[in-house]
Amino acid sequence: MATDKKVVAFDLYGTLLSTESIAKELESHFPGKAQSISSLWRRYQLEYTWRLNSMGIYEPFSDVTRNALQHALAEHDESLPDDAIASLMKAYDNLSIFPDVQPILAKLSQIPTLTAVVFSNGTQSMISNSVNSSPELSPHASVFKGIISVESIKAYKPAPAVYHHLIAKTGKSSAQKSDIYLVSGNPFDIVGARNAGLNAIWVDRGGRGWADAAVSELKPTAVVRNLEEIVGVVQDT
């Protein structure tokens, strides 16, 4: 990976891939409850990673995702057999992309001064499946010059270690970390990247504005409504 280029590191779940799209799969099992189960599934998926970080424990993201699903089902007084759980987990590897993903990846493929990578909590296998097998994302797989998972360091965002891992995997030195731009729709990810000294662009598709106050001085380098806006931000800073 060329170390003289700026790096655009895309978060995967909630930034490139819409976790809301899993509700379509759940609808066949739980008509009328699918959206609620899907939202709670995502909530517990994230909450579990933060709990594990706090306890210094690591479990693979695939296990975290499965356990979070079972928790969400239990809170709705529902359950599924193992084969249905396995089918939903497979569907998680084929989430829909957001509408602004294809245009930005097409644009990045034409800009040789920028290097795009995927940087995710997912296991290496989950990320690879999503990038290389997803009908919507796989046509753009060649745009990504690296797939970077937290799996090898056994911690989750927003632990500082995961962002130092990103710096190392992109071939940048600590003095060059400002050349890395994390792009994420998840505020906790933005705060984690800023805490580690990286640039971070928050994708505010809903137009709600930045409200995260966990660490009030840690704010995004920039806020965009659409992924296509990130090129201008990276090239102008």
Side-chain angles (χ1 to χ4, degrees), residues 1-21 46 95-122 127 130-132 134 136-150 157-158 162-167 169-172 176-212 217-237:
M1 195 176 294
T3 57
D4 59 333
K5 298 181 180 182
K6 289 184 176 180
V7 175
V8 181
F10 288 97
D11 172 59
L12 188 60
Y13 303 111
T15 303
L16 297 179
L17 298 175
S18 171
T19 55
E20 292 295 314
S21 62
L46 295 176
L95 296 172
S96 299
I97 61 175
F98 287 99
D100 55 354
V101 171
Q102 184 174 350
I104 184 57
L105 296 182
K107 182 179 289 189
L108 286 174
S109 70
Q110 304 300 315
I111 304 176
T113 56
L114 301 180
T115 297
V117 300
V118 175
F119 173 52
S120 174
N121 273 341
I127 305 171
S130 292
V131 172
N132 297 312
S134 167
E136 294 183 354
L137 195 54
S138 60
H140 309 284
S142 62
V143 176
F144 301 114
K145 305 309 177 187
I147 292 176
I148 302 171
S149 168
V150 305
K157 301 174 180 182
V162 306
Y163 302 98
H164 297 310
H165 177 63
L166 171 63
I167 295 168
K169 294 294 286 185
T170 58
K172 297 288 187 181
Q176 296 172 305
K177 60 187 177 183
S178 62
D179 286 342
I180 301 173
Y181 290 75
L182 174 79
V183 178
S184 181
N186 298 302
F188 71 90
D189 198 8
I190 296 297
V191 171
R194 295 298 287 149
N195 182 56
L198 308 182
N199 282 297
I201 303 172
W202 183 48
V203 187
D204 180 20
R205 291 187 174 98
R208 298 182 182 89
W210 182 258
D212 193 293
E217 64 268 25
L218 295 176
K219 294 179 171 62
T221 304
V223 177
V224 299
R225 290 289 303 276
N226 186 295
L227 284 177
E228 290 187 82
E229 299 174 41
I230 68 173
V231 171
V233 173
V234 175
Q235 292 181 328
D236 292 344
T237 57

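Scope of the values below: all heavy atoms of this structure, side chains included, with no hydrogens, waters or symmetry mates. Here the structure is a predicted model, which is why all the values come from computation and not from measurement.
- No side-chain donor-acceptor contact under 3.5 Å links H140 to the backbone of P103.
- Across G122 and I127, no two heavy atoms sit closer than the pair O-CD1, 3.4 Å.
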key: Working for side chain to side chain contact (heavy atoms under 4.5 Å, CB included), residues L17 and I97   = CA-CA 4 Å; L17 298 175; I97 61 175; 3.7 Å; yes

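- Distance NZ/K107 to CD1/I230: 9.0 Å, rounded to 0.5 Å.
- Atom CD of Q102 sits in a sparse spot, with 12 or fewer heavy atoms from other residues, nucleotides or ligands closer than 6.0 Å.
- Of all heavy-atom pairs spanning P139 and S134, the tightest one is CD-O, 4.1 Å.
- In this structure, the side chain of T221 engages the main chain of A200 through a donor-acceptor pair within 3.5 Å.
- Using a 4.5 Å heavy-atom cutoff, the side chains of P220 and I190 are in contact.
- No donor-acceptor pair under 3.5 Å is formed between the side chain of K172 and the backbone N or O of D179.
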task = Show your working on side chain to side chain contact (heavy atoms under 4.5 Å, CB included) between T170 and T115 and close with a plain yes or no.
result = CA-CA 9 Å; T170 58; T115 297; over 6 Å; no

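- Nearest heavy-atom pair across T15 and G185 is OG1-N, 2.8 Å.
- Both tests pass for K157 against the ring of F119: distance under 6.0 Å to the centre and angle within 45° of the axis.
- Considering every non-hydrogen atom in both L227 and V183, the closest pair reads CD2-CG1, 3.7 Å.
- Checking side-chain atoms of N186 against main-chain N and O of F188 turns up no donor-acceptor pair under 3.5 Å.
- Listed by first and then second residue, the salt bridge (charged side-chain N to carboxylate O under 4.0 Å, His left out) pairs that reach into residues 194-211 are D100-R205, sequence neighbours excluded.
- The line from CD1 of I180 to OH of Y163 is 12.0 Å long, rounded to the nearest 0.5 Å.
- Side-chain contact between D212 and W202 is absent, with no heavy-atom pair separated by less than 4.5 Å.
- Counting heavy-atom neighbours within 6.0 Å of K169 NZ, excluding the residue itself, gives a total of 12 or less.
- The two residues V233 and A222 come nearest to each other via the heavy atoms CG1-CB, 3.6 Å.
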request  = Would you sort out whether L137 and L12 count as a side chain to side chain contact (heavy atoms under 4.5 Å, CB included), showing the intermediate values?
outcome  = CA-CA 11 Å; L137 195 54; L12 188 60; 4.2 Å; yes

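- The main-chain N or O of P112 is found under 3.5 Å from a side-chain atom of K5 such that the two form a donor-acceptor pair.
- Between F144 and V131 the shortest heavy-atom distance is CD1-CG1, 4.0 Å.
- Between E136 and the choices S130, S96, S21, the side chain to side chain contact (heavy atoms under 4.5 Å, CB included) rule is met once, by S96.
- Y181 places no side-chain N or O within donor-acceptor distance of the main-chain N or O of V231, the cut-off being under 3.5 Å.
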inquiry  = side chain to side chain contact (heavy atoms under 4.5 Å, CB included) for D189 and N121? Distances and angles first, verdict last.
reply    = CA-CA 10 Å; D189 198 8; N121 273 341; over 6 Å; no

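- Atom CD1 of I104 and atom CD of E229 lie 10.0 Å apart (nearest 0.5 Å).
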